[in-house]
Amino acid sequence: MAVLRNDSRIILHLDYDCFYASVFEVEQPALRSLPLAVQQKQIVVTCNYEARRRGLHKLQLIKDAKRICPDVVIVLGEDLTKFRNASKELYLLVRSLVWGGRVEKLGFDELFLDVTEMIDYNISVLNPNDLTNSFFHLDRKDPTIGTAYDATHFQGSTFPVTEGSPVPTDLSSLEMRLLVASHLQGHIRSKLEHQIGFTATGGISTSKLLAKLVGSVHKPNGQTTLLPPYQSTLENESNVHRFLDEHEIRKIPGIGSRMAQKLRAHITGQEDSDAKVTVRDVRLFPGMGPPLLDKILSGLGSAKGIGTKMWSVLHGVDNSEILQGRDVPTQISIEDSYGRLDTFEAVRRELVTLSRSLIRRMRADLLDNETPPGRWRAHPRTLRLSTRPRLPPGSETGRTYHSNRISRSAPLPAFIFHLDENMDALAERLVQESVLSMFRRLHPEKSGWNLSLLNIAVTNIVESAGDQKQSSGRDIGKMFQQQETVLRDWTVQEQEPEAPVDVLPPDSEQAESDDWEDDEPLASLDCTLCGCPVPLFAHEAHMMYHSVPE
DNA sequence: CTGGCCGAG
DNA sequence: GCTTCTCGGCCAG
C-alpha cells in the first residue's frame, strides 16, 4: 500500500504563547515579570512562563499552585469575552498579510496559513546573484511593501539542526521554498509582537500536521522548519520519519485518548497499557496497514475511512486543506459548572443567567455592525440544553469513559431576535417558554438530580438570504492544484497499475437528485423590527405579533 | 434533525 | 485524578 506524498504546498502554523495569560499581560504590562496564573473555577487553566519556571502548569488545582508559588498573581478567566476579542484582532492582522485570506483558526490561539502562492511568487523574484540582500514582497502590485531578508540561511531553528547551513543550490527546491517561508513566518511573528504585543511560536512545513508538530519543538517564542528530504530513499530515511517516528502516538493531532488507548492495547497486547507506544511502533507493527487500523479503530463512533487516514498520518501525509474561516459560527454555547445544583429555583436562576449571556453573544456575533438598526446576518434555528449529572459517589473505577453530558433540543423561538426588548426580559421569557420544558424532558424527576454543569446553545445557524458571503469562492483553481509534485514515498512494493486518480467513478452522485421535490424556497422578507425572515403569507400575522403589548 | 462521541485548545 | 469553557465533524437512528 503506497502512501502518496504531496509537498507542493507551504503551510505555516502559529500558536500564541500561553494565550490567556498574555491577554492579561498586554492589558497590564507590569504582570509580565510576575508569575501569573489564569483561574477558572478551582483550576489554573494556563499560566505564563515565569509561573512555569516556578513549577506551575496548566490544569493545576489553584490550591496546589498557591502552595508551590505563594506569590503567584491569580486572575479570573471564566468570562471569555476578552480572549475572543484578542483572538479576532490577531486573526485579522494575520489575514491582512496572507494572500487570498488563506488562514484557518483553531481555537482561540492557533492559526494555519497556506502561503504557497506568496512563497512561489517570492521565489520567482529572487536574485540568485545577491541572495543575502533579498526582499520579501507582501504585495504583488506595490513592490515597496515587504521586508528585507537574507535568503542564504533559515530564520529561526530547523529540524534536524544544521551545522554550517549550506545555501540551497536549486532555487525552486523544497528546501529553498521552506527557507523563504521561514522568513515570512518571522515577519508575521514580529508583526504580532510589535503591533499587538503577543509572542507566538511557529512551525513551517508542507501540511497542517507537520507544521503544527514541528512548531512545538521550540516553545515559547520560537519557530522551527522541518527540513527536506521529505521522502525516504533506499539509503536514507526522510526527515519526516526521523521526526515523526519518535513521537508518542497520543501527541499526534487527530489521535485522542480513545484512539491512543486502542492502538496501545493492540500493540502491547494488554487491555490497559500505559507503555510508551510511538508512531514507529505502530507503523512497523507486523500486518499494520489501513485494513488493520480500520479494525483496531472501528469501535463505535469512529469515522469511516479512518484506517486509511491514520495510515497516512503515521507516514506524515496530510492533504487536508486550510479552510477559510466562516463569517458566522455553526453554534454558540454558554456554560457554567457548579459544585452543587439541586433545587429547582437555583436551576431556574442559572438558566436565566446563561440565557442572558447567550443572547448577548448572539447579538455580538450574529448582528450586523453596520447600519444603526442592526440586522441579523444569520439565524440559529435550534436551541439546545445540556446538563452533566454528577456521577454517584460510589462509582469510582474509571472503566466507564464518556463525556456524560446529556442534551435535548427544540426550535428556537423567534422572539429572541427582537432587538427592542432588553436582554433580561428576553432571557426570562426564553427560560419560561422553552428552556424549562427541555429541562423537564432531561430530568423528569421532580428533584433529586445533582447537576455539575449546565450548557445552553443555539445551533443550526443559517445565514440570512440577503447577506453577502464575501470572498468565499475565490481561488477555485487552488482546489484542483494538487498532483504536480506528487511523489511516491514508502516504496515497499510495486504498486498495481494505479487507477487514474481524481476521476469520478462513471455514475457517481448524479442520478437520485431528481426525486427530490424541487422545493421552491418560500418567498420571504426579513422583518424590519426583529430581523426574522418571514414568509410573505405570514407577514400580517407576524406584524400583529409585534403589536401585542407585552 | 437529534443526541452522542470524538477531537481540538 | 481528568479538572475549564468552548467549537467543529461525524455517526446511527
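Each chain gets a letter, A, B and so on, in the order its sequence line appears, and its residues count up from 1.
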A:Gln331 near the nucleic acid: base, sugar-phosphate alone, or nothing, with a heavy-atom cut-off under 4.0 Å? base
In whole angstrom, give the distance that lies between atom CE of A:Met259 and atom C1' of C:dC10. 11 Å
With distance as the sole criterion, is a donor-acceptor pair present between the side chains of A:Arg388 and A:Ser452 under 3.5 Å? yes
For atom NZ of A:Lys309, is the number of surrounding heavy atoms from other residues, nucleotides or ligands below 6.0 Å larger than 12? no
Let me know the distance between CD1 of A:Ile43 and P of C:dT4, rounded to the nearest Å. 6 Å
With the side chain defined as heavy atoms from C-beta on, A:Arg361 is closest, among B:dG3, C:dC5, C:dC7, to C:dC7
Candidate nucleotides B:dC1, C:dC5, B:dA8, ranked by approach to the side chain of A:Asn460 - the nearest: B:dC1
side-chain contact (heavy atoms from CB on, under 4.5 Å) with A:Glu78: which residues, sequence neighbours excluded? A:Gln40, A:Lys41, A:Leu76
Taking side-chain contact (heavy atoms from CB on, under 4.5 Å) as the test, write out the residues that go with A:Arg326, two or more places apart. A:Thr330
Given 3.5 Å as the limit, does a donor-acceptor pair link the side chain of A:Ser22 with the main chain of A:Asp17, or not? yes
The side chain of A:Leu106 lies closest to which of these nucleotides: B:dG3, C:dT6, B:dG9? B:dG9
Checking contacts here: which listed nucleotide (C:dT6, B:dG4, B:dG9) is nearest the side-chain heavy atoms of A:Ile334? C:dT6
Within the structure, does a side-chain N or O atom of A:Ser386 lie under 4.0 Å from either OP1 or OP2 of B:dG3? no
In whole Å, what is the span from the CZ atom of A:Arg84 to the P atom of C:dT6? 6 Å
A:Asn221 and A:Arg189: side-chain donor and acceptor closer than 3.5 Å? yes
Could you tell me whether the phosphate oxygens of C:dT6, OP1 or OP2, come under 4.0 Å of any side-chain nitrogen or oxygen in A:Ser333? no
Not counting sequence neighbours, which residues clear ring pair (Phe, Tyr, Trp, His ring centres under 6.0 Å) with A:His247? List them please. A:Phe243
When you measure from the side chain of A:Asn48 to the backbone N and O of A:Leu36, does any donor-acceptor pair fall under 3.5 Å? yes
Please determine whether a side-chain nitrogen or oxygen atom of A:Arg381 lies at a distance below 4.0 Å from atom OP1 or OP2 of B:dT2. no
Spacing of A:Leu59 atom CG relative to B:dA8 atom P, expressed in whole Å: 14 Å
Measuring from the side chain of A:Thr382 (C-beta onward, heavy atoms only), which nucleotide among B:dG3, B:dT2, C:dT6 has the closest atom? B:dT2
Whole-Å distance between B:dG3 C1' and A:Arg408 CZ? 7 Å
Quick check on C:dG8: is either OP1 or OP2 less than 4.0 Å from any side-chain nitrogen or oxygen of A:Thr330? yes
Of B:dC1, C:dT4, C:dC5, the nucleotide closest to the side chain of A:Asp336 is C:dC5
Residues at least two apart in sequence or cross-chain that pass salt bridge (charged side-chain N to carboxylate O under 4.0 Å, His left out) with A:Glu428, listed by chain then number, are A:Arg348
N or O in side chain of A:Lys105 less than 4.0 angstrom from B:dG9 OP1/OP2: no
Any A:Arg405 side-chain nitrogen or oxygen under 4.0 Å from OP1 or OP2 of C:dC5: no
Residues in residues 74-83 of chain A with a heavy atom under 4.0 Å of DNA chain C, by number, are A:Glu78, A:Leu80
Within residues 61-72 of chain A, find the residues that approach DNA chain C with a heavy atom at under 4.0 Å, and present them sorted by residue number. none
Can you tell me how far P of C:dG9 sits from CG of A:Leu323, to the nearest Å? 8 Å
Measure CG/A:Leu90 against C1'/B:dG9 and give the value in whole Å, please. 15 Å
Are A:Val282 and A:Val277 packed together at the side-chain level, in the sense that at least one heavy-atom pair is separated by less than 4.5 angstrom? yes
Criterion ring-ring contact (aromatic ring centres under 6.0 Å, His included) against A:Phe83, the qualifying member of A:Phe198, A:Phe108, A:Tyr20: A:Tyr20
Of the candidates B:dG3, B:dA8, C:dC5, the side chain of A:Lys212 sits closest to B:dA8
Using a 4.0 Å heavy-atom cut-off, does A:Gly107 contact any base of the nucleic acid, only the sugar-phosphate backbone, or nothing at all? nothing
With a non-hydrogen cut-off below 4.0 angstrom, is A:Ile252 in contact with a base, only sugar-phosphate, or nothing? sugar-phosphate
If I take atom CG in residue A:Asn455 and atom C1' in nucleotide C:dT6, what distance separates them, rounded to the nearest angstrom? 8 Å
If only side-chain N and O atoms of A:Arg388 are considered, is one of them under 4.0 Å from the OP1 or OP2 phosphate oxygen of C:dT4? yes
